[in-house]
Amino acid sequence: MNLWKYYAITHRDHVVCNPMSTAKLDELMERLRLPSGARVLEIASGKGEFLIRLAERYDIVGIGVDQSPYCVADARARLRSRVPKARLTFVEMDGAAYRPDEPADFHLAACIGAGWIFGGHQGTLRALERLAAPGGWVVAGEPYWRQEPAAEYLAAIGEARTAFGTHHENATAGRDLGLELAYTLVSSPDDWDRYEGRQWYAAEAWAREQPDDPDVAEVLQRVRAEKAAYLQWGRETLGWAIYLFRKAEGEG
Ligand SMILES: C[S@@+](CC[C@H](N)C(=O)[O-])C[C@H]1O[C@@H](n2cnc3c(N)ncnc32)[C@H](O)[C@@H]1O
């Protein structure tokens, strides 16, 4: 089935499509202290919640890039209803192909929960570092191994051990790029449970509401397999954090 449709079904109840609480996200936004007119880019902007919350707090000029037509439509609807006068644009395209008008021009460049677009955490930081202005922020949200993953878990989720680092590896991955870690937000097991549980709940509810949809069996099979893997291994094995880095001044 269409990947974006699956994602839209499982995430229809999510405000933020990653395992961070909105309270912690708000704390991060507070720390950013963006100047008026700050230029902000988010690759994989999902439903636009990060940019829209930023626009509710700061006078920013923002662009969100996401490949899912469902997410982009949702983000544009939220923009119209929450901050219609904000200078935000949501673009539907592959984030890997996004090229800015000006290089190294953003006060904040973010990619939260889609590191695969750039081949993992290190590649994401490299790409965001090039997009951020000297002295600007780089924000990356990424899973991390809380413990060595069981081979059965890796097989169940279709990932390699090398797909993610430890929290320490993620937090220090910016060093060689001139990115200084300024702050981390780490999801609690409760945050993760809510993120995962909302997906199971949404998929089961959707299947009851749309019994004739041709994708019902596949959606349920997939979400139940993900639920089983999370409960058996993922909950103890995989963590989630958002890493806030400051790009060095004077580099561009
Ligand atoms: C885990 S969600 C995170 C969304 C958002 N950053 C948030 O935290 O709410 C991953 C997002 O990546 C988007 N995505 C996946 N592959 C992409 C690509 N190649 N280019 C742009 N967006 C992509 C999905 O549509 C989805 O919105």
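Bear in mind the structure is a predicted one, so any value in this text is a computation, not a measurement. Ligands are counted one by one from 1 in listed order, and the atoms in each one are counted from 1 as well.
- Using a 4.0 Å cut-off between charged nitrogen and carboxylate oxygen, D59 and R87 count as a salt-bridge pair.
- Distances from ligand 1 to the non-hydrogen atoms of Y70 include no value under 4.0 Å.
- Nearest heavy-atom pair across N18 and I112 is ND2-CG2, 3.5 Å.
- Heavy atoms of D94 found under 4.0 angstrom from ligand 1 belong to the backbone as well as the side chain.
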* Evaluation steps, side chain to side chain donor-acceptor pair (under 3.5 Å), between D193 and Y230 -> CA-CA 9 Å; D193 282 353; Y230 177 74; 2.6 Å; yes
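- Set against the non-hydrogen atoms of A114, the atoms of ligand 1 under 4.0 Å away are 12 (O).
- Shortest contact from atom 23 (C) of ligand 1 to any protein heavy atom: I117 CD1, 3.7 Å.
- Taking the six-membered ring wherever Trp is involved, the centroid distance between the rings of H121 and F164 does not fall below 6.0 Å.
- A salt bridge links R82 and E49; the closest N-O separation between the charged side-chain nitrogens and carboxylate oxygens is under 4.0 Å.
- Every atom of ligand 1 is numbered from 1 in the order shown, and the set under 4.0 Å from a heavy atom of A44 is 4 (C), 5 (C), 6 (N), 11 (C), 12 (O), 13 (C), 22 (N).
- Short contacts between ligand 1 and S68, defined as distances under 4.0 Å to a heavy atom of the residue, involve ligand atoms 25 (O).
- When only interatomic distances are considered, the shortest N/O to N/O separation between I112 and ligand 1 falls below 3.5 Å.
- Protein heavy atom closest to atom 8 (O) of ligand 1, with residue, atom name and distance, is N18 ND2, 2.7 Å.
- When non-hydrogen atoms are compared, ligand 1 lies under 4.0 Å from the backbone of M93 (N, CA, C, O) but not from its side chain.
- Heavy atoms of E42 come nearer than 4.0 angstrom to ligand 1 in at least one pair.
- Closest to atom 18 (C) of ligand 1 among all protein heavy atoms lies Q67 OE1, 3.2 Å.
- A cation-pi arrangement, defined by a distance under 6.0 Å to the six-membered ring centre and an angle within 45 degrees of its axis, is absent between R224 and W200.
- Taking the six-membered ring for Trp and thresholds of 30 and 60 degrees, W192 and Y195 have ring planes more than 60 degrees apart, a perpendicular arrangement.
- Residue contacts with ligand 1, taken as heavy atom pairs separated by less than 4.0 Å, involve Y7 solely via side-chain atoms from C-beta onward.
- What sits closest to atom 16 (N) of ligand 1 on the protein, heavy atoms only, is W116 NE1, 3.4 Å.
- At a heavy-atom cutoff of 4.0 Å, ligand 1 is contacted by both the backbone and the side chain of C17.
- Under a 4.0 Å criterion applied to the non-hydrogen atoms of C71, ligand 1 contributes the atoms 27 (O).
- Among protein heavy atoms, atom 20 (N) of ligand 1 sits closest to G95 N, 2.8 Å.
- Using a 4.0 Å cut-off between a side-chain N of Lys or Arg and a carboxylate O of Asp or Glu, E30 and R57 qualify as a salt bridge.
- For the ligand labelled ligand 1, residue F50 lies outside the 4.0 Å heavy-atom shell.
- Here E204 does not pair with R208 in a salt bridge; the nearest charged N to carboxylate O distance is not below 4.0 Å.
- Salt bridge absent: R12 and D74 never bring a charged side-chain N and a carboxylate O closer than 4.0 Å.
- Between Y243 and H167, the ring centre distance stays below 6.0 Å.
- The nearest protein atom to atom 24 (C) of ligand 1, hydrogens excluded, is given as D66 OD1, 3.5 Å; this is a heavy-atom distance.
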